[in-house]
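Here is the structure we will look at, set down as structure tokens.
Just so it is clear: chains get the letters A, B, ... in the order the sequence lines come, proteins before strands, and each one is counted from 1.
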Amino acid sequence: MPEGPELHLASCYINTVCAGLIFSGKVEKSEVSKNPEVLFESDAYLISATSRGKEIKLTLTPLKEEKNLLPGRGRDREGLSQNGLQQPMDLVFRFGMSGSFKLASGAELPKHAHLRFYTKESPHRALCFVDIRRFGRWEVHGTWQLDRGPCVMLEYEKFRENVLRNLSDKAFNKPICEALLNQKFFNGIGNYLRAEILYRLKIPPFEKARTVLEALQHRKQSPDLTLSKKVKLKRENPDLLELCHAVPMEVIHMGGKGYSPEPSDDAAAFEEWLQCYCVPGMRSLHDGNGRTIWFQGEPGPMAPKGEHQLYSSMLCRVLLLLVGLGEAGRSVACCGIIKVKETSDALLKL
DNA sequence: CGTCCACGTCTAC
DNA sequence: TAGACCTGGACGG
């Protein structure tokens, strides 16, 4: 599922399917999950959700005053007031590479459902946090992670200011494609979004981030234009930071689930929407963190050296070394090089 | 069978 | 700046 749009779509999904649903009992964790137990229990409670960048917060709200029905157990529970009432609880989730929420209707739980909230009805259904790879995390009594910036989708103005006010930060020494994955400034942007955003403006992915962003600080005014012309111009020529908002918003407005592994009409529409990421004919490279960046055109000045570039620079050094040696040294060095070549050829045959 | 790849953090040297 | 953390799908032999 999971870049900013998928997290936001998950919160919409939860608020839609859980509207009017009453949940009951304990929150159940799978055996295999290493995430914390959720010690919440209520005879009747509601679930709602909000999102911020690549995080989602669930709020569990007990419906009415209720006595703790299981004295002794209550001591283990969290968020109990002194008279044993279950207090509301916030849970903050990150989705890792494969997290999602699903309301399961059948008797069977979905595979990899690591946290389950059961409805009161009979037979009950279960809202499940499903996560195949288990990179996802949740925190009990969670708050938004402190070092993540404002949401690129829901807090656009704050997001923009946070970037432009902090351009001296060393995060912007990096290539723009790597800076875009820094959640301290671009909370919600992930690997497919960075490719799509840079592609729209044909910005070379390995151009220095500060160079790209400093150009946006004082945006050129054209005072002779009418207001409506200015608005039109701005809408038709969005800058990089505007696209960090607008591109994920396009995914949200498509509806569906966004990027999702299961084949469906939504998935087909999403693939159709992609202009660059994994699109045939586009180029790709690995960035400094080993993540694949998709792009078109020039990679830009900070591009990592490819393998053949490394080999050719090594060869240059060897040749320079040989030139610098006398005739005797040259023959000794060449013997050594030939030995290295024979050895590596022999190893390749093994 | 095996190897590579995937929408993202985390922590430890 | 590597790895660790995971499952499973695609593709090659």
Side-chain angles (χ1 to χ4, degrees), chain A residues 1-11 13 29-36 51-56 92-102 110-115 128-139 142 144-149 151-153 170-171 173-175 177-199 244 247-248 250-252 254 256-264 266-280 282 284-294 302 304-305 307:
Chain A
M1 257 196 119
E3 295 183 23
E6 289 75 23
L7 274 282
H8 183 74
L9 287 165
S11 79
Y13 171 79
K29 182 171 82 78
S30 74
E31 284 294 309
V32 71
S33 173
K34 293 174 185 165
N35 278 304
S51 74
R52 179 178 186 262
K54 267 186 256 188
E55 296 186 304
I56 183 168
V92 170
F93 292 77
R94 265 154 270 133
F95 277 7
M97 291 286 262
S98 57
S100 66
F101 275 94
K102 185 176 172 136
K111 207 174 176 190
H112 308 294
H114 296 300
L115 199 64
C128 300
F129 176 62
V130 179
D131 183 11
I132 296 175
R133 297 181 69 183
R134 276 183 271 147
F135 293 170
R137 299 281 154 85
W138 65 78
E139 283 161 23
W144 303 127
Q145 211 167 44
L146 263 51
D147 47 3
R148 301 182 81 104
C151 179
V152 295
M153 297 160 293
K170 65 177 168 25
N173 296 344
K174 306 233 172 186
C177 72
E178 291 176 26
L180 284 173
L181 292 185
N182 186 337
Q183 303 298 299
K184 190 173 165 186
F185 294 106
F186 298 92
N187 190 5
I189 302 300
N191 206 17
Y192 80 73
L193 284 170
R194 70 170 177 173
E196 295 301 311
I197 290 164
L198 292 172
Y199 174 81
C244 286
V247 173
E250 289 179 19
V251 180
I252 289 174
M254 279 195 295
K257 286 182 294 228
Y259 192 4
S260 146
E262 303 137 57
S264 68
D266 297 338
F270 178 80
E271 287 207 4
E272 190 68 19
W273 173 85
L274 288 173
Q275 296 178 26
C276 180
Y277 180 77
C278 292
V279 170
M282 296 296 154
S284 69
L285 281 174
H286 293 293
D287 71 13
N289 300 309
R291 305 264 261 143
T292 305
I293 173 71
W294 291 82
M302 299 179 78
K305 295 204 170 177
E307 230 176 310

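The gap from the P atom of C:dG8 to that of B:dT9 amounts to 22 Å, rounded to the nearest Å. With P as the reference atom, C:dC6 and B:dA12 are 14 Å apart, rounded to whole Å. Nucleotides C:dT1 and B:dC7 place their C1' atoms 23 Å apart, quoted to the nearest Å. Using C1' as the reference atom, C:dA4 and B:dC13 are 13 Å apart when rounded to the nearest Å.
A:K54 has its NZ atom 10 Å from the P atom of B:dC7, to the nearest Å. Residue A:I132 contributes atom CD1, which lies 14 Å from atom C1' of B:dC5 at whole-angstrom precision. Nucleotide B:dT9 holds its P atom 15 Å from the CD atom of A:E178, rounded to whole Å. The interatomic distance linking A:E3 (CD) with B:dA6 (C1') rounds to 12 Å, in whole Å. One can place CZ of A:F93 at 16 Å from P of B:dT9, the figure rounded to the nearest angstrom. In this structure, A:Y277 atom OH and B:dA6 atom P are separated by 6 Å, rounded to whole Å. Whole-Å rounding puts the A:H286 NE2 to B:dG8 C1' distance at 16 Å. Rounding to whole angstrom units, CH2 of residue A:W138 and C1' of B:dG8 are separated by 17 Å.
Taking the ring centroids of A:F93 and A:F129, they lie under the 6.0 Å cut-off.
In this structure A:R137 satisfies the salt bridge (charged side-chain N to carboxylate O under 4.0 Å, His left out) test with no other residue, sequence neighbours excluded. For A:R194, the side-chain hydrogen bond (donor to acceptor under 3.5 Å, both in side chains) partners at least two apart in sequence or on another chain are A:N191, A:D287. Judged as a salt bridge (charged side-chain N to carboxylate O under 4.0 Å, His left out), and not counting sequence neighbours, A:E178 has no contacts. Residues passing the side-chain contact (heavy atoms from CB on, under 4.5 Å) test with A:Q183 are A:K54, A:R148, A:N187, sequence neighbours excluded. A:H112 meets the side-chain hydrogen bond (donor to acceptor under 3.5 Å, both in side chains) test with no other residue; sequence neighbours excluded. For the side-chain hydrogen bond (donor to acceptor under 3.5 Å, both in side chains) test, residues two or more places apart in sequence or in another chain that qualify with A:R94 are A:E55, A:E139. By the salt bridge (charged side-chain N to carboxylate O under 4.0 Å, His left out) test, A:E262 is found to be paired with A:K257, residues two or more places apart in sequence or in another chain being considered. Among residues two or more places apart in sequence or in another chain, the salt bridge (charged side-chain N to carboxylate O under 4.0 Å, His left out) test is passed with A:E250 by A:R200. Partners of A:F270 under the ring-ring contact (aromatic ring centres under 6.0 Å, His included) rule, at least two apart in sequence or in another chain, are A:Y192, A:Y259, A:W273.
Here the side chain of A:N182 pairs a donor or acceptor atom with the backbone of A:K184 at under 3.5 angstrom. Side-chain N or O atoms of A:S284 include none that pairs as donor or acceptor with a backbone N or O of A:T292 at under 3.5 Å.
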What nitrogen or oxygen pairs link the protein and nucleotides 10-13 of chain B at under 3.5 Å?
unit_1: B:dC10; atom_1: OP1; unit_2: A:R94; atom_2: NH1; d: 2.4
unit_1: B:dC10; atom_1: OP2; unit_2: A:Q145; atom_2: NE2; d: 3.3

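Contact annotation: A:R291 reaches the phosphate of B:dC7 (side-chain N/O to OP1 or OP2, under 4.0 Å). At least one side-chain nitrogen or oxygen of A:Q183 sits closer than 4.0 Å to the OP1 or OP2 atom of B:dT9.
Protein chain A touches strand DNA chain C; the 5'-most and 3'-most nucleotides with an atom under 4.0 angstrom of its non-hydrogen atoms are C:dC5 to C:dG8.
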Under the rule of Watson-Crick or G-U wobble with both distances under 3.5 Å, where | means paired to another strand and [ ] a crossing pair, DNA chain B maps to ||||||.|||||.
